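Here is the structure we will look at.
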Amino acid sequence: MLFDAMVVGGSYAGISAALFLARARRQVLVIDAGVRRNRFASHAHGLLGHDGRPPGDIAASGRADLMAYPTVTWVDGKVAKAHVLDDAFEVQLESGALYTGRRVVLAGGVTDTLPAVEGIEALWGQGVYHCPYCHGYELEGGDVAVLAAGPAAFHVAMMLPDWGRTTLYTNGMFQPDAEHTAQLTARGVRIDSRDVRSLSRDDKGVRITLASGESQSVAGVFTQPATAPAGDLVTQLGCALEDSPIGRFVTTGPTKETTVPGVFACGDIARAAGSVPLAIGDGVMAGTATHQSIVFRPH
Ligand SMILES: Cc1cc2nc3c(=O)[nH]c(=O)nc-3n(C[C@H](O)[C@H](O)[C@H](O)COP(=O)(O)OP(=O)(O)OC[C@H]3O[C@@H](n4cnc5c(N)ncnc54)[C@H](O)[C@@H]3O)c2cc1C
């Protein structure tokens, strides 16, 4: 069977794109490996109508809505290879299964590489976060820290005093210049340039232990993981990438089409800094644009 569109990634962006294709009565294949980026967090914030719900429940509701449409095929699995054919695309799953479609929508999200500090992985999404808008409010104005992973730490540290009394641990990853220091000081941010040895859980939230042995307890830590598109389908298909201060993402135009005609991308994979509502919005754009590209550019 030749699908109208094959959506790689069945989370917020992919489900949203597939929903709009299904509502246009098109044959859509969704292939999903089931490894959402926010799987470490117990609650997701900032999505209208779902604020504070477990992120897996939100994705499951979206999938249930999508599967009510008879033209949708869902396959649990991971796409390992993708090729451009003459007038279509072919994807191959790790299982070996092959599928072809007239369009591809890349919605596979990103991977996060955390700074190399002992204990950080165990606290990711549960005390250590990337986004104050998503998780800052729940820290209830307690002390907070920025663990620098690069120059983007300045941006986060400037914002963070709106969520709590802030210490910026530069940890050898970011050296504020005089202008940075003046701006951070004006915002009330304390700058600590000593090395951080480890993070661990404690009664207040997270204990930050320095190489010197001294420690500070905070309600939450914010860091800036380096992000990159999950997997290498983007390069297999030849899509252009671009860089942001926190990592690479797929270049798309206003309709979410990549530099490869017929390949669309949406959600975190195709923007510098993503969120659930932005992924859903991107999915709407990619889904409708994918449909219209089939109508207006059938060949
Ligand atoms: C700890 C943490 C907490 C967060 N909290 C919030 C929050 O409170 N609010 C908020 O708005 N945002 C939050 N985010 C951001 C949010 O998780 C992302 O913006 C959102 O998940 C992006 O959706 P997506 O559909 O683009 O990608 P994802 O949700 O990451 O989903 C990508 C899907 O594609 C699949 N996939 C990847 N490659 C393949 C392949 N080759 N074949 C098949 N399937 C594949 C993956 O397995 C996955 O299921 C948080 C992020 C983190 C890390």
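In each ligand, atom 1 is the first atom listed, and ligand 1 is the first ligand listed. Keep in mind the model is a prediction, meaning the values are calculated, not measured.
With hydrogens left out, the protein atom closest to atom 25 (O) of ligand 1 is Ala13 N, 3.0 Å, a heavy atom. The protein atom (non-hydrogen) at minimum distance from atom 9 (N) of ligand 1 is His45 O, 2.8 Å. For atom 35 (C) of ligand 1, the closest non-hydrogen atom on the protein side is Asp32 OD1, 3.3 Å. Closest to atom 37 (C) of ligand 1, if we only count protein heavy atoms, is Gly108 O, 3.1 Å. Protein heavy atom at the shortest distance from atom 51 (C) of ligand 1 is His130 CE1, 3.4 Å. Annotation: atom 1 (C) of ligand 1 to nearest protein heavy atom, Gly125 CA, 3.7 Å. Scanning the protein heavy atoms around atom 11 (O) of ligand 1, the nearest turns out to be Val276 N, 2.8 Å. Among all non-hydrogen protein atoms, the one lying nearest atom 30 (O) of ligand 1 is Arg37 N, 3.0 Å.
In this structure, of Asp268, Ile280, Val35, the residue bringing a heavy atom nearest to atom 48 (C) of ligand 1 is Val35.
With hydrogens and angles left out, the side-chain atoms of Glu214 and Ser212 include a donor and acceptor closer than 3.5 Å. With 3.5 Å as the limit, one finds no donor-acceptor pair spanning the side chains of Tyr137 and Asp162. Tyr169 and Gln216 form a side-chain donor-acceptor contact under 3.5 Å, judged by distance and modelled atom types alone. With 3.5 Å as the limit, one finds no donor-acceptor pair spanning the side chains of Thr111 and Arg37. Gln27 and Thr71 share no donor-acceptor pair across their side chains, judged by distance under 3.5 Å alone.
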Q: Start with the C-alpha distance between Ser217 and Val206, add both sets of side-chain angles, then the distance that settles side-chain contact (heavy atoms from CB on, under 4.5 Å), and finish with yes or no.
A: CA-CA 6 Å; Ser217 220; Val206 178; over 6 Å; no
**Q.** CA sep, side-chain torsions, deciding dist, call: Ser200, Arg207, side chain to side chain donor-acceptor pair (under 3.5 Å)
**A.** CA-CA 5 Å; Ser200 54; Arg207 178 164 293 276; 5.5 Å; no
Q) Which is it for Thr252 and Phe264 under the side-chain contact (heavy atoms from CB on, under 4.5 Å) test, yes or no, and what are the steps along the way? A) CA-CA 8 Å; Thr252 53; Phe264 294 75; over 6 Å; no
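For a threshold of 3.5 Å applied to N or O pairs, the pair formed by Gly267 and ligand 1 contains no separation below that value. Distances between N or O atoms of Ala33 and those of ligand 1 include at least one value under 3.5 Å.
Remark: distances from the non-hydrogen atoms of Val8 to ligand 1 include one below 4.0 Å. Within the 4.0 Å heavy-atom cutoff, Gly231 does not count among the residues contacting ligand 1. Between Ala107 and ligand 1 there is a heavy-atom distance shorter than 4.0 Å. Residue contacts with ligand 1 leave out Ala80, since none of its heavy atoms falls under 4.0 Å from the ligand.
Side-chain N or O atoms of Ser244 include one that pairs as donor or acceptor with a backbone N or O of Ile246 at under 3.5 Å.
The Trp124 neighbourhood of ligand 1 comprises atoms 53 (C), with distances under 4.0 Å to a heavy atom of that residue. The distance from ligand 1 to the heavy atoms of Lys78 drops below 4.0 Å at these ligand atoms: 40 (C), 41 (N), 42 (N), 43 (C). Atoms of ligand 1 lying under 4.0 Å from any heavy atom of Asp112, numbered from 1 in the order shown and given with element: 53 (C). Less than 4.0 angstrom separates some heavy atom of Ser275 from each of these atoms of ligand 1: 11 (O), 12 (N), 19 (O). Near His135, with a cut-off below 4.0 Å to any heavy atom, the atoms of ligand 1 are 3 (C), 4 (C), 5 (N), 6 (C), 7 (C), 8 (O). Taking every non-hydrogen atom of Leu233 and a distance limit under 4.0 Å, the qualifying atoms of ligand 1 come out as 41 (N). Those atoms of ligand 1 with a heavy atom of Tyr12 less than 4.0 angstrom away are 20 (C), 21 (O), 23 (O), 25 (O), 29 (O). Taking every heavy atom of Gly109 and a limit of under 4.0 angstrom, the matching atoms of ligand 1 come to 27 (O), 32 (C).
Trp74 and Ile58 are not part of a single hydrophobic cluster, where members link through side-chain heavy atoms under 4.5 Å apart.
Note on Asp202 versus Lys204: no salt bridge recorded, every NZ/NE/NH1/NH2 to OD/OE distance being 4.0 Å or above. A salt bridge is defined here as a Lys NZ or Arg NE, NH1 or NH2 lying under 4.0 Å from an Asp or Glu carboxylate O, and Lys81 with Asp232 fails to meet this definition. Salt-bridge check for Asp4 with Arg103: failed, with every basic side-chain N at 4.0 Å or more from each acidic carboxylate O.
Centroid-to-centroid, the aromatic rings of Tyr133 and Trp163 come within less than 6.0 Å. Here His180 and Phe174 bring their ring centres to under 6.0 angstrom of each other.
With a 4.0 Å cut-off on non-hydrogen atoms, Ala279 touches ligand 1 through its side chain and not its backbone. With a 4.0 Å heavy-atom cut-off, ligand 1 is reached by no atom of Leu47.
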